[in-house]
Amino acid sequence: MNASTSSRQSGLFFLTFVITVLFSSVSFAAQGLVIHVSEFGVGKFHRADNKVHTYPEASSWTPYILPADTPTQQPFVQRNQDGSYTVFFSTLEELVKSVVEIAQSEKQKVSVLNLHGHGLPGRMWFPKDTRTMNGWQCMSWKEAASGSDQANYRQYYSPLSVSQVQQIRDMSNNPNVTLGCTTGLPEWQEAVEKTPEFKQAFASDAQIHFLSCVVGLGSVGEAFTKGMAALLLSGGTGRVETAVNFGLGDWSMAAGMGFWDYINDEQLKRDGALYSANKTDSEIAQKGTIRIAHYAGEWTTSLRTNIDFMVLGHQKDLQGTPVPEELVRRWQESLSTSNPLPNRIRVPGTNACVEVETQ
């Protein structure tokens with residue numbers, strides 16, 4: 001590996017390990033309506049994981065355990081012991097309608113919406129509607145969602161290669177890329193146009209957390225995070241949070257979603273061996289970086305680094321301090337190579353790939 005390649009590939013952690021971050025005090029409040037939404041595949045993963053290592057009631061991931069014998073042909077809604085709700089869904093259309101129905105039934109505004117699934121920069125891996133789900137591009141997603149718990153469990157612990165990480169970094173700065181069977185900002189805009197009650201369901205201080213790999217990575221992730229905030233929130237103190245790194249969320253990350261990413265070949269080899277053998281997220285967890293969209297006269301985003309995990313509850317104060325904008329720009333540029341994108345890109349946490357198209 002030459003020096004320039006090493007510099008590009010370690011660029012993601014330039015922020016995490018070089019910048020000193022001061023943390024502000026953090027407090028949490030169980031206020032308003034909390035809704036967790038999870039696509040069926042990761043719900044099956046948590047159900048299998050819970051059989052191997054029983055989740056404690058206080059675990060952040062307990063609401064994401066798919067109940068036994070739950071049909072996957074329709075959204076499944078459950079009310080949790082803490083008063084929150086979980087929606088297990090197949091399509092964005094199901095997600096949106098279920099959240100609206102819960103908010104209207106409870107006669108409350110949504111304070112926290114946690115979205116859990118597999119991700120890529122600016123997108124998540126699930127179809128927008130039933131017609132899309134039944135198309136050929138969603139065959140891999142449909143197979144995973146309707147497959148066995150063990151199949152979803154095994155593929156979760158499959159390590160990424162250097163080339164797979166770099167392909168994801170390359171596409172994170174390419175706004176002309178579209179991916180099959182994924183939902184990004186255009187699909188969300190279409191869904192909200194069809195169901196405007198969805199935006200009306202959010203409180204003025206609502207927080208939307210994308211518990212998913214690399215959704216906030218690069219300029220594509222930045223545009224998605226800011227676009228989602230403008231689409232769903234009305235200003236005020238609400239915000240949208242996305243992960244810049246790959247996410248970790250098994251039994252060993254009880255406090256929230258942790259982080260992982262490629263630093264160098266030695267680290268990748270070590271982490272890959274540990275991961276495949278021990279199936280424990282906390283063994284390879286690193287400090288991570290999240291992107292936050294917040295309102296300051298207009299919607300803007302900032303990066304915050306040196307974070308242990310993404311919190312799933314309502315958080316009054318922002319963690320850390322914004323990274324300087326110039327550093328963000330240089331860092332995002334450092335992620336990409338001149339290599340052409342492949343025809344297919346692997347979805348992290350799965351053995352599936354999605355089709356890549358360029359406009």
Side-chain angles (χ1 to χ4, degrees), residues 35-50 61 63-80 84-103 105 110 113-120 122-153 155-156 178-195 197-198 201 208-213 215 228 232 247 249 347-355:
I35 302 179
H36 313 276
V37 295
S38 172
E39 64 96 8
F40 275 106
V42 291
K44 288 184 174 184
F45 160 75
H46 286 293
R47 186 164 64 185
D49 192 35
N50 182 52
W61 300 107
Y64 298 90
I65 301 170
L66 185 67
D69 303 320
T70 302
T72 58
Q73 291 78 28
Q74 57 189 12
F76 178 81
V77 179
Q78 69 177 18
R79 194 173 193 275
N80 303 311
S84 68
Y85 283 83
T86 301
V87 177
F88 296 96
F89 69 94
S90 294
T91 68
L92 177 60
E93 186 176 59
E94 291 178 353
L95 183 166
V96 167
K97 290 182 178 179
S98 297
V99 169
V100 170
E101 289 172 1
I102 293 169
S105 174
V110 178
L113 180 65
N114 293 315
L115 298 104
H116 186 36
H118 298 294
L120 286 160
R123 292 187 164 264
M124 291 183 73
W125 188 48
F126 55 82
K128 68 176 183 177
D129 54 27
T130 302
R131 181 179 178 181
T132 305
M133 179 177 66
N134 292 327
W136 70 269
Q137 285 193 323
C138 284
M139 288 179 61
S140 294
W141 179 88
K142 197 171 183 179
E143 181 180 353
S146 61
S148 70
D149 292 15
Q150 281 302 314
N152 281 280
Y153 181 79
Q155 68 178 343
Y156 178 88
T178 59
L179 302 174
C181 201
T182 59
T183 57
L185 186 58
E187 289 76 20
W188 277 96
Q189 289 169 333
E190 181 182 336
V192 173
E193 184 177 355
K194 290 180 179 178
T195 311
E197 298 88 350
F198 186 65
I208 301 173
H209 307 142
F210 284 85
L211 310 175
S212 185
C213 292
V215 170
M228 287 297 294
L232 299 181
V347 180
T350 78
N351 290 326
C353 293
V354 292
E355 303 296 319

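- Applying the salt bridge (charged side-chain N to carboxylate O under 4.0 Å, His left out) test to every pair with at least one member in residues 137-151, sequence neighbours left out, gives these pairs: Arg47-Asp149.
- Considering all non-hydrogen atoms of both residues, Cys353 and Ser140 come closest at O-OG, 4.4 Å.
- Listed by chain and number, the residues in a ring-ring contact (aromatic ring centres under 6.0 Å, His included) with Tyr156 are Phe45 (sequence neighbours excluded).
- Taking OG1 of Thr91 as the start and CD of Glu187 as the end, the distance is 12.5 Å to the nearest 0.5 Å.
- Residues passing the side chain to side chain donor-acceptor pair (under 3.5 Å) test with Arg79, sequence neighbours excluded: Tyr85.
- Across Trp61, Phe40, Phe210, a single residue satisfies ring-ring contact (aromatic ring centres under 6.0 Å, His included) together with His116, and that is Trp61.
- Every residue two or more places apart in sequence or in another chain was checked for a side chain to side chain donor-acceptor pair (under 3.5 Å) with Tyr153, and none qualifies.
- For Phe88, there are no ring-ring contact (aromatic ring centres under 6.0 Å, His included) partners, not counting sequence neighbours.
- Annotation: the span from Leu179 atom CG to Gln137 atom CD amounts to 9.5 Å, rounded to 0.5 Å.
- Across every non-hydrogen atom of Pro348 and Gly119, the tightest pair is CD-O, 3.4 Å.
- The ring-ring contact (aromatic ring centres under 6.0 Å, His included) check on His36 picks up Tyr64, with sequence neighbours excluded.
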Solution key, residues 93-102 side-chain donor-acceptor pairs under 3.5 Å, sequence neighbours excluded:
from: Glu94; atom 1: OE1; to: Ser90; atom 2: N; distance (Å): 2.8
from: Ser98; atom 1: OG; to: Glu94; atom 2: O; distance (Å): 2.8

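- Leu66 places none of its side-chain heavy atoms less than 4.5 Å from the side chain of His46.
- Listed by first and then second residue, the side chain to side chain donor-acceptor pair (under 3.5 Å) pairs that reach into residues 65-78 are Gln78-Asn80, sequence neighbours excluded.
- Looking at residues two or more places apart in sequence or on another chain, you find a side chain to side chain donor-acceptor pair (under 3.5 Å) between Thr132 and Asp129.
- Side chain of Lys44 to main chain of Ala145: a donor-acceptor pair is present (N/O by atom type, distance under 3.5 Å, no hydrogens or angles).
- Between Ala352 and Gln155 the shortest heavy-atom distance is N-OE1, 4.5 Å.
- Within the model, atoms CE of Met133 and SG of Cys138 stand 8.5 Å from one another, a figure rounded to the nearest 0.5 Å.
- Closest approach of His118 to Val42, counting heavy atoms only: NE2-CG1, 3.5 Å.
- Qualifying salt bridge (charged side-chain N to carboxylate O under 4.0 Å, His left out) partners for Glu190, counting only residues two or more places apart in sequence or in other chains: Lys128, Lys194.
- Closest approach of Ala191 and Leu92 over heavy atoms only: CB-CD2, 3.8 Å.
- Summarising the geometry of Ala48 relative to Gln150, their closest heavy-atom pair is CB-NE2, 4.1 Å, with the distance given to 0.1 Å.
- Remark: Asp49 engages Tyr55 in a side chain to side chain donor-acceptor pair (under 3.5 Å) (not counting sequence neighbours).
- Between atom CG of residue Leu211 and atom CG of residue Leu115 there is a gap of 7.5 Å, rounded to the nearest 0.5 Å.
- For the atom pair CH2 (Trp141) and OG1 (Thr350), the distance works out to 13.0 Å, reported to the nearest 0.5 Å.
- Counting only heavy atoms from C-beta outward, the side chains of Trp125 and Ser212 never approach each other to under 4.5 Å.
- Atom OG1 of Thr183 sits about 3.5 Å away from atom CZ of Phe126, to the nearest 0.5 Å.
- Listed by first then second residue, pairs satisfying salt bridge (charged side-chain N to carboxylate O under 4.0 Å, His left out) with a partner in residues 131-140 number zero, not counting sequence neighbours.
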